[in-house]
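Remarks on the structure that follows.
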Amino acid sequence: MRTGKILAVLALGTIPALAIAAPAMTSATYVMKAGAGDLYEKQASTLVMTSTVNPKLKTFAKDMVTDHANSTAAVKAAAMKAGIHPAAPKLTTKQSSDLAALRAATGTARDTLYIQQQKAAHQDALALHQDESSTGTAAPLKAAATKIVPVVQHHIAMLAAM
């Protein structure tokens, strides 16, 4: 009977649950994820830049290649200042899959898929850089992330206008 009462109390939520905090992302993890994101952006954008007939999308893709190359350079320089020697970036399984789908698509279907993928990728990038900006432990990386956040926000605004 006593066990039943305890379960009833727990079920009603009258005993506060213990919050389990996720471990903070390490600086090395941030560098790896930022590098992978930039690599994906550059590869996807290069592909679309060479195939789209939409001038607005071509300009956007060109900007993505430039801006994400700059982001990679900024994070790499900050990592070196923080004593981290980043390995060459590698795509995640999802990024590789997204690129394969993009390569398989053609014409306006590729353009549409690219925009969808870019919206999702930029939301992920924004969350990554905002997290590092607010909770990162290496000052050079925090500073780099803080400078990258408005650039990613600008990309999101550009995508919303498409």
Side-chain angles (χ1 to χ4, degrees), residues 22-52 54-162:
M25 177 174 44
T26 67
S27 295
T29 299
Y30 166 71
V31 171
M32 177 193 67
K33 287 183 175 187
D38 284 341
L39 180 62
Y40 164 75
E41 293 290 344
K42 291 182 287 188
Q43 289 184 2
S45 297
T46 298
L47 176 64
V48 167
M49 195 170 47
T50 61
S51 67
T52 189
N54 179 335
K56 187 175 178 181
L57 194 58
K58 189 173 282 212
T59 299
F60 175 81
K62 183 176 181 247
D63 289 347
M64 293 308 96
V65 171
T66 301
D67 290 351
H68 287 280
N70 291 340
S71 172
T72 297
V75 171
K76 185 175 180 180
M80 298 297 275
K81 284 182 185 175
I84 299 169
H85 301 285
K90 294 180 184 174
L91 297 175
T92 65
T93 302
K94 181 181 183 330
Q95 290 164 336
S96 293
S97 174
D98 284 352
L99 273 175
L102 203 56
R103 283 186 191 105
T106 58
T108 58
R110 178 182 282 170
D111 292 356
T112 300
L113 180 59
Y114 173 72
I115 292 168
Q116 290 171 350
Q117 289 179 355
Q118 289 300 299
K119 287 178 178 180
H122 279 86
Q123 289 300 325
D124 291 346
L126 181 60
L128 176 72
H129 294 294
Q130 284 177 328
D131 184 48
E132 182 65 19
S133 176
S134 63
T135 65
T137 57
L141 290 169
K142 276 184 83 153
T146 299
K147 289 180 181 177
I148 293 168
V149 165
V151 176
V152 176
Q153 289 171 328
H154 176 66
H155 294 169
I156 291 169
M158 292 169 69
L159 284 162
M162 289 190 188

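Predicted model, so just to flag it, every value in this text is computed and none were measured.
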Enumerate donor-acceptor pairs with a distance under 3.5 Å from any side-chain N or O in residues 58-67 to protein atoms, sequence neighbours excluded.
residue, atom, partner, partner atom, Å
T59, OG1, P55, O, 3.0
T66, OG1, K62, O, 3.3
D67, OD2, H155, NE2, 2.7

Exceeds 12 heavy-atom contacts within 6.0 angstrom, atom NZ of K33: no

Gap between atom CD1 of I156 and atom CG of L126 - 0.5 Å precision: 4.5 Å

Rounded distance [0.5 Å steps], OG1 in T106 versus CG in D111: 10.0 Å

Nearest non-hydrogen partners of A101 and Q117, listed with the distance: CB-NE2, 4.2 Å

Exercise: identify the closest heavy-atom pair between L91 and A36: CD2-O, 3.9 Å

H68/H122 aromatic ring centres below 6.0 Å: yes

H129 NE2 to L141 CG distance, which is reported to the nearest 0.5 Å: 11.0 Å

Y40 and K94, any side-chain heavy atoms less than 4.5 Å apart: no

From CE (M25) to CG (L128), nearest 0.5 Å: 5.0 Å

T112 side chain vs T108 backbone, donor-acceptor pair below 3.5 Å: yes

Gap between atom CE of M162 and atom CD1 of I115 - 0.5 Å precision: 6.0 Å

Gap separating the CG atom of L113 from the CG atom of L102, nearest 0.5 angstrom: 5.5 Å

Test item: M80 and P86 side chains (from C-beta on) under 4.5 Å apart, heavy atoms: yes

Considering only distance and modelled atom types, tabulate donor-acceptor pairs under 3.5 Å from the side chains of residues 41-49, sequence neighbours left out.
residue, atom, partner, partner atom, Å
E41, OE1, Q118, NE2, 3.2
S45, OG, E41, O, 2.8
S45, OG, Y114, OH, 2.6
T46, OG1, K42, O, 2.7

Minimal non-hydrogen separation, E132 against A138, with atom names: OE2-O, 4.5 Å

Side chain to side chain donor-acceptor pair (under 3.5 Å) pairs, two or more places apart, involving residues 69-92: D38-S71, D38-T72, T92-Q95

